[in-house]
Structures are given as structure tokens and as C-alpha cells.
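Here is the structure we will look at.
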Amino acid sequence: MSSTLVELEHISKSYGSKLIIDDLSLTIHENEFVTLLGPSGCGKTTTLRIIGGFETPDSGRVLFEGRDITNTPPNHRNLNTVFQKYALFPNMTIAENIAFGLRISKKSKQYIDDKIKYALKLVNMEDFADRSVDSISGGQQQRVAIARAIVNEPKLLLLDEPLGALDLKLRQEMQYELIRLKNELGITFIYVTHDQEEALTMSDTVVVMNQGYIQQMGTPESIYNEPENAFVAAFIGDSNIIPGFMVQDKLVDILGVRFDCVDSGFGTNTPVDVVIRPEDVILGKPGEGRMDGRVTHIIFKGVHYEMEVMAGGFEWLVQSTVGHPVGEEVSISVDPFNIQIMNKPASEDEEAIKLDE
Amino acid sequence: MKKHSVLKKVYMALIILFLYAPILTLMVLSFNEGRTMGKWTGFSLHWYEDMFADEDIMDALKNTVIIALVSAVVSTVIGTLFCLALPRLNNKVRSVFLALNNIPLLNADIVTGLSLMLMFVAFGITLSMGTVILAHITFCIPYVVLSVRPKVRQLGMTHYEAALDLGATPWVAFFKVVLPELRSGIFSGFLMAFTMSVDDFIVTHFTRGAGINTLSTMIYGQVRIGIRPTVYALSTIVFVVVFILLIASNIISGKSATVKARRKAES
């Protein structure tokens, strides 16, 4: 990876008696797309605001290109923010909004005009320069907010749930736009969201947070395929989290049945949580798999069927392109590579949470 | 159905009649030729001429305008600053300050006036136009707060933060981004403070120095020595001015309300 751009060192922050961030350290590299992902109240937005300079940490340091900026006001930081509610200035036209930062840094009129044109083109809004903020849609306001931030050529762009207010179709389009923009501009993005799909789609690095702690950090693939604890497993996608114990290396006991797996180093006869993604559960004819069960629910989701299978006293969530009617006897088997072993939660923040979906 | 709607209209007409009949009477009599109260002797503008020629009245008018302008400007500045500071306070402190702000609104004018006078005298401050202005500032601030605070709440902190983020200093962010958004609230607060000041009799009465008259104290003084129709003319003008100011302030706040509604509908 390229050189370090931002370092957070042992950041803590609380509001009153409520601890928001606890001893958080994080390194962000140049030209990286980092997503802070977590449920509301996990500290992700506060972390972003500390980097942006809108909050001061109670303890710890923020380094930007090696320089301590912990107490530098936002207007002296070489970064820009795209706010959740866009925060476009309603008393100015689109072009004036975009020119705001450039006028403050006293750029020449020619430079500003060129930059406005360039930025509007970049976000496909060429014809909107003289329109008022009120006259454009939410998605367009979003684009203007991004244009307004990037014309200042920041080293770092902070994005606080920028797509949260858009409808699904537009959100997906904007995801591609953002990836394109990032590649064209070559600046570092720190992106805050509670949408795991968004995080997996766009990021180079995903930082999963809960209750002020980093739960896991890594590439989208590693976060999805190898969740380190029950919280991450449950928050990223659907999963079966089943209590079991490690019999020995590469052999796990799930609901009284032994499954081969690829994990080792958990010791012998250690209680663990086993994560199996619903798309990794293979259904077959009774007797053909590791254990037998009966289908209790089925719904059609478009790409696949989602079924619940009662087997070994556990309700397995299963996704498959082949549907099995309710009541049918099936067998369950899992490829050893698709069994992910996790230590039991050591603290409350590592536990799986129920999502309201 | 039809019968009902006729009844409704009659009812409304009666209410409006009762509310505005006294003022209409006053207005009509201000154009009366003679000086007898209940007798119409012909149309004339000479009471208006007399009024403009009357030095006492012109002096009082001048005082009223000066007092209203100065106290409205000062209370608008103080009230707006108060509103800007509120979001930065914690909930407990904020509710204490808001309660303190609301008490003068509910307090009887006579108590406000009397206590202000006592304080001025106790601290050896000679009653003058200055004390009247100070007094007016104190009771105008809450009205400014009432009309500016919703705007501040509606705006939130993000626009200010966005301006800082784009490199603006706190001053530039305030004057270029925050102030334009609060303008309508500040203006209607100013108008409200201005009308409240023009309107006031009791507090002015207690805090004015010798020889200082505003329109209201002057009219009250005239009532005791026998009222002249010049006062009707004056009152008519005062009413019309206040009426226009109120309509203006309604139009301004109404305008910003529709903008807000439109924004909401679009998002």
C-alpha cells in the first residue's frame, strides 16, 4: 500500500457520561477508499467529524500527513466533507456554491470559472450552473455537494452517509459514480455508512464499528468471508451463527454433528461460534448430507429462494436457486471452506445485534 | 347547508365589526370638520394640518421613532446573538435561559415599568430618553428571540460547518452563509420589536425623564386636559403604520414558510 495519509492515535470521545469512541486507532493510506460501517450510535460519524475538525477528541491525536491536526480548525485542514444533508447554501446558485471554497482561497476568476465547468462536467450537471438549490432534486443536490467539495482539490474527502436520502436505484447509480470519481481524481475517500452493501461495493477497506470500538478491519472480501466475531457476521449480510465447539484443529462439532473445516488454533474442545452464510448451505436428498432436516419456510427473493430448514434443533437460513416446498425432508451439508469459526464474544460490543429490517 | 354558510358569514361580519368599529369610528371622526365628538359636520383634513403644525406632537413623534428604532436595532442584535448561542448550551442551561427569556413576555407591564424605574432611581441613573430606550430594549428582546429562534433551529449547524469545511473563517461563514438564511426571521423580529416599542405606554410612562414624551404618553396627557381631534388624526396614522408593519411582517414570514414547505415537498 502507498504512504500513510491519516492516522488516528488512541482517540476517545464522550458526550456527558456516554462514551462514543473508546481508544480508537486507525491508519488510512493515500488513495484508499475506506468505509466506516456500523449501526447508528457506533461512533462512525463522530470519528468522521473528528477527522473533519468539527469535534475535538477528549484524548488521542489526529495526524494528517504526519502533522498533528488534532486542534486545527476545519477551515485550516486540507480536506473537504460531503454532508449527510448536503448542506448546500440556499442563498447561492449552484455555480456560486461550487465557487465558495475557491473564492475564499482567492483564486483568479478565470481559474474559478474553469473549475466550475470542470466540476459540473465531472458530476454530469453541466446545464445547472445558474439554477437555484431549491430547483434541483435530491440526487442532483448530492452531485453538487460532491462537486463543491472536490473543486478545492482536497487530499482527503469525507463523506457522511451521502447516499442515505436517495432512493435505491439512484443510490446504486451514485455508488458507481463515486467509484469512478475516486479513480479519476486519485484522492482518498473516507465514507461513513450503515449500509453494508454500500460498504462492500465501494470500499478498498471496510472498518466495522460497534459501540465505539473497531470490530474488524479489512477488505470487503475478508470482512464478508471471514467475520471475526458474531457482531460482524450478523451485521454484514445474513448468516447462521451456531454455537458449537472445536473438537480439534480442522474439526468442529455443530449441533452434535462433526463437520470438517479449515480453521485451526482454537485448541481442543473449545466452545466457539460457527458462521455459515446462507448461500453456502447445500441442500440435498435426505441421508446424502451431514444432517437431515425439514423445510419450514420458503420465500422467493428474485435471484434465489430463501428457506428456513429445521435441522438438529436449529433453524438454518438457506439461500438457493432451487426451491424446496415447505415440509420436504432435506439434508444439509457445507463445504469445509465455507465454515467460519469465531471465538465466543468477549464483550457486549462483539455480540450479534438484532437488526430492524 | 346554504343557510349555515349565510349564518357563518353573518357571524364573521359581526366579529369583525365589533373588533374594528371603534377604530373605524376614530378614523371617521379624525376627518370630521367640527370638534364635537358624536356629530358629523363635514369632511375636512384640518386636524391633520393642525397635527403636523403642533410642536408637541411632532416632538413626541420624533422621540417615538428614535426610541423605537434604537431599541429595535439593539434588541434585534442582542436577541439574535442569544438565539445563536442557545444551541451550544446544554439542555438544562438552555431551558433556564429560555424560561428567563419568556418571563418578561408574561410579566405585567406595570410591574416591569415600576421595577425598571425603581432600579434606575436606586442606581442613581437620571430618567431620560436613555432610560426609556434601555427599558424598551429589555422588553423587546424576547419578541426578537421568538421570531429568530425557529430560523436558527431550522438552519441547524451543518451550513455553518460546511462553510468552515470549505475554508471560510467563522466570521465569513456567519456573514455569507448563516446570516442570509436568518434574514427573514431577524427582519420580522425587528418589526415586532419596533411595533412593541411604538405601542408601549406603561413602561415608557414609568421610565421617561421630565419633558420626554412619546406619542402614547402625550396622548394620555392630552386626554386628561381634554382631548382634541388632532389626537384622532394622530391615532389614525399610528394605527395605519402599525397595520402596514404587521402585514409586511406577515408577508415576509409567510414567504419563508412557503419556501420551507416547498423544500420539504421536494426532499
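Labels below follow one simple rule: chain letters A, B, ... track the order of the sequence lines, proteins then strands, and each chain is numbered from 1.
In this structure, chain B has heavy atoms under 4.5 Å from both the backbone and the side chain of T81(A). Contacts of A173(B) with chain A are absent, with no heavy-atom separation under 4.5 Å from either backbone or side chain. Contact annotation for N152(A): only side-chain heavy atoms (C-beta onward) come within less than 4.5 Å of a heavy atom of chain B.
Considering only heavy-atom pairs separated by less than 4.5 Å from chain A, the leading option among L155(B), T169(B), L164(B), V172(B) is L164(B). When each of G53(A), P73(A), G16(A), A87(A) is scored by its heavy-atom pairs under 4.5 Å with chain B, the top score falls to A87(A).
For R77(A), the side-chain contact (heavy atoms from CB on, under 4.5 Å) partners two or more places apart in sequence, or in a different chain, are I69(A), T72(A), L79(A). Taking L88(A) as the reference, Y86(A), N97(A), V133(A), Q141(A), V144(A), A145(A), R148(A) meet the side-chain contact (heavy atoms from CB on, under 4.5 Å) condition, with sequence neighbours excluded.
Between F97(B) and F82(B), the ring-plane angle classifies as perpendicular under the 30° and 60° cut-offs.
With ring centers used as reference points, F83(A) lies under 6.0 Å from F54(A). Aromatic rings of F89(A) and F100(A) (six-membered ring for Trp) have centroids within the 6.0 Å cut-off, being under it.
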